[in-house]
S.K.: 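Structure provided below as structure tokens; questions to follow.
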Amino acid sequence: MKFSEDQIKNLIDEAIKARENAYTPYSHFKVGALVIDQNGNHHNGCNIENGSYGLTNCGERTAIFNGISNGMKTIDTIVVVADTTGPVSPCGACRQVIKEFSTNNTVIILANLKKEYKIMTMEELLPYGFQL
Ligand code: THU
């Protein structure tokens, strides 16, 4: 693993900070995410809900779209955090969007507020995912 335990905890802290901006008046379930791009730049995101529920944007996708808007080409590392019993499990839509910008080396860190975490590869997170 290319990150030390301390580095992982710091990355989770960044995602927890992003989570504080989540807009969740409907579910009250806040998600924070951090993506590190191919150049080492950090981009964060949170979930943003809407009164028309289906228009909600998940935290992972907000962070990725933020990154792409700022020059990200590929995801080196993504960290996702929520207040869950174990490390948060990203939804299927976000798994597919992460896949779009992942490489064979993308590191996926799933965590909760207690900083319990699980590190996964893209293939583990979305086996046999769609690809054009
Ligand atoms: N949510 C995320 O932000 N990421 C996921 O991977 C799953 C769900 C959000 C969407 C909604 O705002 C809230 O969590 C409850 O579904």
Side-chain angles (χ1 to χ4, degrees):
M1 169 45 49
K2 62 181 177 176
F3 296 116
S4 68
E5 193 71 16
D6 276 0
Q7 285 172 319
I8 291 172
K9 301 283 162 150
N10 287 339
L11 294 177
I12 295 171
D13 269 334
E14 274 191 61
I16 289 175
K17 199 155 176 42
R19 179 179 171 275
E20 286 164 15
N21 291 325
Y23 174 75
T24 58
Y26 308 106
S27 76
H28 304 290
F29 184 77
K30 294 177 182 291
V31 179
L34 166 74
V35 287
I36 305 177
D37 68 22
Q38 71 287 348
N39 295 322
N41 294 316
H42 292 202
H43 312 274
N44 62 27
C46 57
N47 52 334
I48 304 171
E49 299 187 341
N50 192 278
S52 176
Y53 297 165
L55 301 183
T56 291
N57 208 61
C58 291
E60 300 91 312
R61 281 180 288 144
T62 305
I64 291 168
F65 298 160
N66 180 21
I68 292 296
S69 303
N70 285 285
M72 182 172 80
K73 303 299 177 203
T74 58
I75 300 172
D76 176 89
T77 303
I78 180 165
V79 185
V80 189
V81 69
D83 189 7
T84 41
T85 306
V88 64
S89 175
C91 77
C94 286
R95 290 175 195 227
Q96 185 66 42
V97 173
I98 297 167
K99 180 177 171 61
E100 184 75 23
F101 302 104
S102 70
T103 69
N104 289 336
N105 298 318
T106 296
V107 175
I108 300 166
I109 302 173
L110 308 175
N112 65 11
L113 295 186
K114 286 183 271 180
K115 295 189 203 171
E116 294 166 336
Y117 67 89
K118 184 181 176 75
I119 298 182
M120 300 188 79
T121 64
M122 191 66 237
E123 193 52 34
E124 288 167 338
L125 191 68
L126 185 64
Y128 200 59
F130 176 73
Q131 200 153 26
L132 275 178

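Numbering of ligands and ligand atoms starts at 1, following listing order.
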S.K.: Within the structure provided, determine whether Gln131 and Lys99 are in side-chain contact (heavy-atom separation under 4.5 Å).
M.R.: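 Contact flag for Gln131/Lys99 side chains = yes.
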S.K.: What is the closest protein heavy atom to atom 7 (C) of ligand 1, and at what distance does it sit?
M.R.: Cys91 CB, 3.9 Å
S.K.: As an exercise, identify every atom of ligand 1 less than 4.0 angstrom from a heavy atom of Cys58.
M.R.: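 Taking each heavy atom of Cys58 in turn, ligand 1 has 1 (N), 2 (C), 3 (O), 4 (N), 5 (C), 8 (C) under 4.0 Å.
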S.K.: Give a yes or no on whether Lys9 atom NZ has more than 12 heavy-atom contacts from other residues, nucleotides or ligands under 6.0 Å away.
M.R.: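 Yes, NZ of Lys9 has more than 12 neighbouring heavy atoms, counting only those of other groups under 6.0 Å.
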S.K.: Any donor-acceptor pair under 3.5 Å linking the side chain of Arg95 with the backbone of Pro90?
M.R.: yes
S.K.: I'd like to check which ligand 1 atoms, numbered from 1 as shown, lie under 4.0 Å from a non-hydrogen atom of Glu49.
M.R.: 11 (C), 12 (O), 13 (C)
S.K.: How far is atom 10 (C) of ligand 1 from its nearest protein heavy atom, and which residue and atom is that?
M.R.: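 Heavy-atom neighbour on the protein nearest atom 10 (C) of ligand 1: Thr56 CG2, 3.8 Å.
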S.K.: Is the shortest side-chain N to carboxylate O distance from Arg19 to Asp13 below 4.0 Å?
M.R.: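 Here Arg19 does not pair with Asp13 in a salt bridge, since their nearest N and O are not under 4.0 Å apart.
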S.K.: Which ligand 1 atoms does Pro90 reach within 4.0 Å, using its non-hydrogen atoms?
M.R.: 6 (O)
S.K.: Heavy atoms of the protein only: does one fall short of 4.0 Å from atom 12 (O) of ligand 1?
M.R.: yes
S.K.: Just let me know how Ser27 lines up against ligand 1, side chain, backbone, both or neither, with a heavy-atom cut-off below 4.0 Å.
M.R.: side chain
S.K.: For a side-chain contact (heavy atoms from CB on, under 4.5 Å) with Thr74, tell me which candidate from Asp37, Thr103, Asn39 qualifies.
M.R.: Thr103
S.K.: Which residue and non-hydrogen atom of the protein lie closest to atom 6 (O) of ligand 1, and at what distance in Å?
M.R.: Glu60 OE2, 2.6 Å
S.K.: Write out the residue and atom name of the closest protein heavy atom to atom 9 (C) of ligand 1, then the distance separating them to 0.1 Å.
M.R.: Asn47 ND2, 3.4 Å
S.K.: If we only consider heavy atoms of Thr24, is any one of them less than 4.0 Å away from an atom in ligand 1?
M.R.: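 Not so, Thr24 does not reach ligand 1.
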S.K.: Give me the residue, atom name and distance of the protein heavy atom closest to atom 14 (O) of ligand 1.
M.R.: Phe29 CD2, 3.3 Å
S.K.: Measure across Val31 and Asn47 and return the closest heavy-atom pair with its distance rounded to 0.1 Å.
M.R.: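 Smallest interatomic distance, heavy atoms only, reads N-OD1, 2.9 Å.
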S.K.: Would a 4.5 Å heavy-atom cut-off, applied to side chains only, mark Lys115 and Pro87 as touching?
M.R.: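 No, too far: nothing below the 4.5 Å cut-off.
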S.K.: Find out whether Asn66 and Asn70 are in side-chain contact, i.e. whether some heavy atom of one side chain is under 4.5 Å from a heavy atom of the other.
M.R.: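 Yes, their side chains come closer than 4.5 Å.
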S.K.: Among protein heavy atoms, which lies nearest atom 3 (O) of ligand 1, and at what distance?
M.R.: Gly59 N, 2.9 Å
